Amino acid sequence: MKAWRILRPSSVRTGMFCRLGSFDEMGLEGGKKTKTGAYATGADILESLAAQGHDLPGRVLDWRQLTKLKSTYTDALQDQINPETGRVHTSYSQAVASTGRLSSTDPNLQNIPVRTEEGRKIRTAFVAEEGMKLVSVDYSQIELRLTAHIAEVDALKQAFAEGEDIHAVTASQVFGVPLAEMDPMTRRKAKAINFGIIYGISAFGLANNLRITQGEAKAFIEAYFDRYPGIKDYMNAAKAQARERGYVETLFGRRIHIPAIKEKNPARRSFGDRAAINAPIQGTAADIIKRAMIRVPPALAEAKLSARMLLQVHDELLFEVPEGEVDDTIALVREVMENASAPALTLSVPLVADAGVGDNWDEAH
DNA sequence: TCGGCAAGCCAC
DNA sequence: AAACGTGGCTTGCCGA
């Protein structure tokens, strides 16, 4: 995008260093080891140490966040500005991700930070040309909607049809809390389960994510499957099909091979199981947004709109739009995206696309 | 100088 | 301590 703004995170200073004290020196014992036998120092480890009252781990985490943003984004992206266009241009690969998603390289513009305040500052550097706006249109919960359709879960389909807060509805139905009395913690648990379902849930993974015991996680998952037995049926069917044929399919019939499904090693086989569960969901979402991407440019031309499609980020399309055409462009793009499965596929849940506008990508998101 | 691996971390 | 899915990039290290 044009006019890359130079960012200087004020808290990053060259020459700053420290030595990480050993577990012994910090009065700790039994630190987790990596595959090579070194002490693991991933964010989760340091967060738990920080929570135990130590000062250093939190400072290391802050330092890591800032150096990550500076080396991977602030510095690297400026080096990639094309001198002829004044813009950063990515390359998309269409045959890398097994599920059919696109991937983005040199630079990867599908992993620009968004989750933290500092990270979002990177996004503000992606700006529209003078007289133009950036418009972001993204699918709302597309993978959960597709899961509800594929697994034929009436309760979830109805919640989507009525535009309800899907995580709150799940929390209410799984944990028996009335929707009107939903508390943030219960909703958070349901949200984690919903994500886990898409990925092929395990008690180990959910326990890790929610920082609860595997026993508690197992109980949550069982409660979920009791309430939504169609989900369990879908998972078993996906695994069985992968085992029998070596592949699963998206709703459009595109095949996704799952080689790990034939592994003898139980851990690798489980990996294949989860891939078989996730691939039709993630792959169908990829099919749908690609159909939308094919239809948008001719639809814009037909409507005499001059917006340019700049980026795809899995469930989001980013456009550069003349200021006077923003409203019409949003209406057109939402229409195309929300109907992109038709006529080849009629979904039993509505697809919803939300739009944002701004002078930069952070504002538009 | 280059390529590969490990560890870590960014996104959806 | 990341096997709950899909990717790519950086740093540090090693060997060709």
Side-chain angles (χ1 to χ4, degrees), chain A residues 30-49 60-61 63-77 79-80 90-116 118-120 122-123 138-144 147 192-211 214 217 220-221 235 238 248 256 258 260 263 265-283 285-286 289 311-316 361 365:
Chain A
K32 298 290 194 292
K33 301 289 185 61
T34 64
K35 191 163 47 170
T36 61
Y39 282 117
T41 71
D44 262 33
I45 301 283
L46 297 189
E47 274 164 27
S48 73
L49 292 177
V60 172
L61 285 170
W63 178 82
R64 286 217 185 129
Q65 187 199 22
L66 293 169
T67 55
K68 172 82 175 180
L69 294 177
K70 185 173 189 294
S71 64
T72 306
Y73 302 102
T74 307
D75 291 344
L77 287 172
D79 292 341
Q80 301 245 17
T90 188
S91 296
Y92 284 109
S93 299
Q94 192 151 216
V96 169
S98 59
T99 56
R101 274 188 175 186
L102 300 183
S103 69
S104 162
T105 62
D106 307 306
N108 180 358
L109 294 183
Q110 290 181 322
N111 73 342
I112 302 303
V114 71
R115 292 175 191 190
T116 67
E118 286 297 316
R120 281 193 293 276
I122 301 288
R123 277 199 183 228
D138 70 292
Y139 283 112
S140 166
Q141 306 286 3
I142 186 170
E143 294 190 347
L144 271 181
T147 303
I193 297 175
N194 277 336
F195 269 102
I197 293 304
I198 291 169
Y199 297 156
I201 202 163
S202 75
F204 182 91
L206 184 65
N208 226 347
N209 193 289
L210 284 177
R211 298 167 196 275
Q214 278 197 54
F220 286 177
I221 294 168
M235 291 181 169
V248 291
I256 299 169
I258 313 286
E263 287 279 358
N265 179 312
R268 294 185 191 188
R269 229 277 290 278
S270 296
F271 188 82
D273 287 344
R274 292 189 295 274
I277 291 165
N278 173 262
I281 301 168
Q282 191 181 118
I289 196 168
L311 294 176
Q312 187 254 44
V313 191
H314 309 305
D315 65 357
E316 171 189 7
W361 196 2
H365 197 266

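Here the structure is a predicted model, which is why all the values come from computation and not from measurement. Just so it is clear: chains get the letters A, B, ... in the order the sequence lines come, proteins before strands, and each one is counted from 1.
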**OP:** Output the distance between atom CD1 (A:Ile112) and atom OG1 (A:Thr72), rounded to the nearest 0.5 Å.
**Re:**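 Taking CD1 in A:Ile112 and OG1 in A:Thr72, the distance rounds to 9.5 Å.
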
Subject >> Other residues, nucleotides, ligands: >12 heavy atoms within 6.0 Å of A:Arg120 CZ >> reply: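 Buried by this count: over 12 neighbours within 6.0 Å.
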
**OP:** Can you tell me, in whole Å, how much space there is between the P of C:dA1 and that of B:dA7?
**Re:**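 Each nucleotide's P atom is 10 Å from the other's.
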
**OP:** Provide, to the nearest angstrom, the distance between the CG atom belonging to A:Asp315 and the C1' atom belonging to C:dT6.
**Re:**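 These atoms are roughly 13 Å apart.
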
Nucleotides 9-12 of chain C: which of its N/O atoms have a protein N/O under 3.5 Å away?
residue : atom : partner  : partner atom : Å
C:dC9   : OP1  : A:Asp106 : N            : 2.8

Original post:
Can a side chain N or O of A:Ser103 be found less than 4.0 Å away from OP1 or OP2 on C:dG8?
Top reply: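 True: A:Ser103 side-chain N/O within range (under 4.0 Å) of C:dG8 OP1/OP2.
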
Original post:
For A:Ala38, which contact category applies under a 4.0 Å heavy-atom criterion: base, sugar-phosphate, or nothing?
Top reply: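 Here A:Ala38 touches no strand at all.
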
Original post:
Which whole number of Å gives the distance between the P atom of C:dG7 and that of C:dA3?
Top reply: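 Those two atoms are separated by 15 Å.
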
Subject >> OG1-CD distance between A:Thr116 and A:Gln65, expressed to the nearest 0.5 angstrom >> reply: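 So the OG1 of A:Thr116 and the CD of A:Gln65 are separated by 4.5 Å.
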
**OP:** Establish, with yes or no, whether the OP1 or OP2 oxygen of C:dG7 is under 4.0 angstrom from a side-chain nitrogen or oxygen of A:Ser98.
**Re:**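 Indeed, a polar side-chain atom of A:Ser98 lies that close.
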
Subject >> Minimum heavy-atom distance between A:Tyr199 and A:Asn278, given as atom pair plus value >> reply: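 Looking at all heavy atoms of both residues, the closest pair is CD2-ND2, 3.8 Å.
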
Original post:
Does A:Ser48 or A:Glu143 map to a spot on DNA chain C nearer the 5' end, using the closest nucleotide for each?
Top reply: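 Result of the comparison: A:Ser48.
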
Original post:
Do any side-chain nitrogens or oxygens of A:Arg274 fall under 4.0 Å of OP1 or OP2 in C:dA3?
Top reply: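 It does not, given that no N or O in the side chain of A:Arg274 lies less than 4.0 Å from OP1 or OP2 of C:dA3.
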
Subject >> Nearest-Å distance for atom pair CG/P, residues A:Leu102 and B:dA11 >> reply: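 One finds 19 Å between P of B:dA11 and CG of A:Leu102, rounded.
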
Original post:
Taking atom C1' of C:dG5 as reference, at what distance in whole Å does atom CG of A:Asn208 sit?
Top reply: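 Those two atoms, CG and C1', are 15 Å apart.
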
Subject >> Protein-nucleotide distance (A:Gln214, atom CD; C:dA3, atom P), rounded to Å >> reply: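 One finds 13 Å between P of C:dA3 and CD of A:Gln214, rounded.
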
**OP:** Taking the side chain as every heavy atom from C-beta outward, state whether A:Arg101 and A:Gln94 have any pair of such atoms under 4.5 Å apart.
**Re:**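 A:Arg101 does not reach A:Gln94 side chain to side chain.
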
Original post:
How long is the line joining CG of A:Leu77 and P of B:dA11, in whole Å?
Top reply: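 Rounding to the nearest Å, CG of A:Leu77 and P of B:dA11 are 13 Å apart.
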
Original post:
Base, sugar-phosphate, or nothing for A:Gly200, non-hydrogen atoms under 4.0 angstrom?
Top reply: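 It contacts sugar-phosphate atoms only.
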
Subject >> A:Ile142 side, atom CD1; A:Ile281 side, atom CD1 - distance, nearest 0.5 Å >> reply: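 These two atoms lie 11.5 Å from each other.
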
Original post:
Just how far is it from atom CG of A:Asp315 to atom CD of A:Gln282, taken to the nearest 0.5 Å?
Top reply: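 These two atoms lie 11.0 Å from each other.
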
Subject >> Residue met sooner reading DNA chain C from 5', once A:Arg211 and A:Asn278 are mapped to nucleotides >> reply: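 Per heavy-atom nearest nucleotide, the more 5' residue is A:Arg211.
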
Original post:
Across the strands shown, which category fits A:Ile198 at heavy-atom distances under 4.0 angstrom: base, sugar-phosphate, nothing?
Top reply: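 Since no nucleic acid heavy atom lies under 4.0 Å of A:Ile198, the category is nothing.
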
Subject >> Inter-nucleotide C1' distance (C:dA2, B:dA6), Å rounded >> reply: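 Taking atom C1' in both C:dA2 and B:dA6, they lie 15 Å apart.
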
Original post:
Are OP1 or OP2 of C:dG7 and a side-chain N or O of A:Ser93 less than 4.0 angstrom apart?
Top reply: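 Answer is no, no contact under 4.0 Å.
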
Original post:
Rounding to a whole Å, what distance do you find between A:Leu69:CG and B:dG8:C1'?
Top reply: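 So the two atoms are 14 Å apart, to the nearest Å.
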
Original post:
Is there a side-chain polar atom (N or O) of A:Arg115 under 4.0 Å from OP1 or OP2 of B:dC12?
Top reply: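 For B:dC12, OP1/OP2 do have a side-chain N/O of A:Arg115 under 4.0 Å.
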
Subject >> Value in whole Å for how far the P atom of B:dA11 lies from CG of A:Asp138 >> reply: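 Those two atoms, CG and P, are 15 Å apart.
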
Original post:
What residues form a ring-ring contact (aromatic ring centres under 6.0 Å, His included) with A:Phe195, not counting sequence neighbours?
Top reply: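 Once residues adjacent in sequence are excluded, A:Phe195 has no partner under the ring-ring contact (aromatic ring centres under 6.0 Å, His included) criterion.
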
Original post:
Taking only N and O in the side chain of A:Thr99, is any of them less than 4.0 Å away from OP1 or OP2 of C:dG5?
Top reply: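 Answer no for this pair, as no side-chain N or O of A:Thr99 is under 4.0 Å from OP1 or OP2.
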
Original post:
Of all the nucleotides listed (C:dA2, C:dT6, C:dG8), which has the minimum atom distance to the side chain of A:Ala40?
Top reply: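 Among the listed nucleotides, the one closest to the side chain of A:Ala40 is C:dA2.
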
Original post:
Looking across every strand, which nucleic acid part, if any, lies under 4.0 Å from A:Phe204 by heavy atom: base, sugar-phosphate, or nothing?
Top reply: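 Here A:Phe204 touches the backbone only, sparing every base.
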
Subject >> From B:dC12, C:dA2, C:dG7, nucleotide with atom closest to A:Asp44 side chain >> reply: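 From the listed options, C:dA2 comes nearest.
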
Original post:
Of the candidate nucleotides C:dG5, C:dG7, B:dA6, which contains the atom at the shortest distance from the side chain of A:Ala97?
Top reply: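 Closest nucleotide among those given: C:dG7.
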
Original post:
Below 4.0 angstrom from OP1 or OP2 of B:dC9, is there any side-chain N or O of A:Arg64?
Top reply: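 Yes, such a contact exists.
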
Original post:
Can you tell me how far the CE atom of A:Met235 sits from the OG1 atom of A:Thr147, to the nearest 0.5 Å?
Top reply: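 Taking CE in A:Met235 and OG1 in A:Thr147, the distance rounds to 8.0 Å.
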
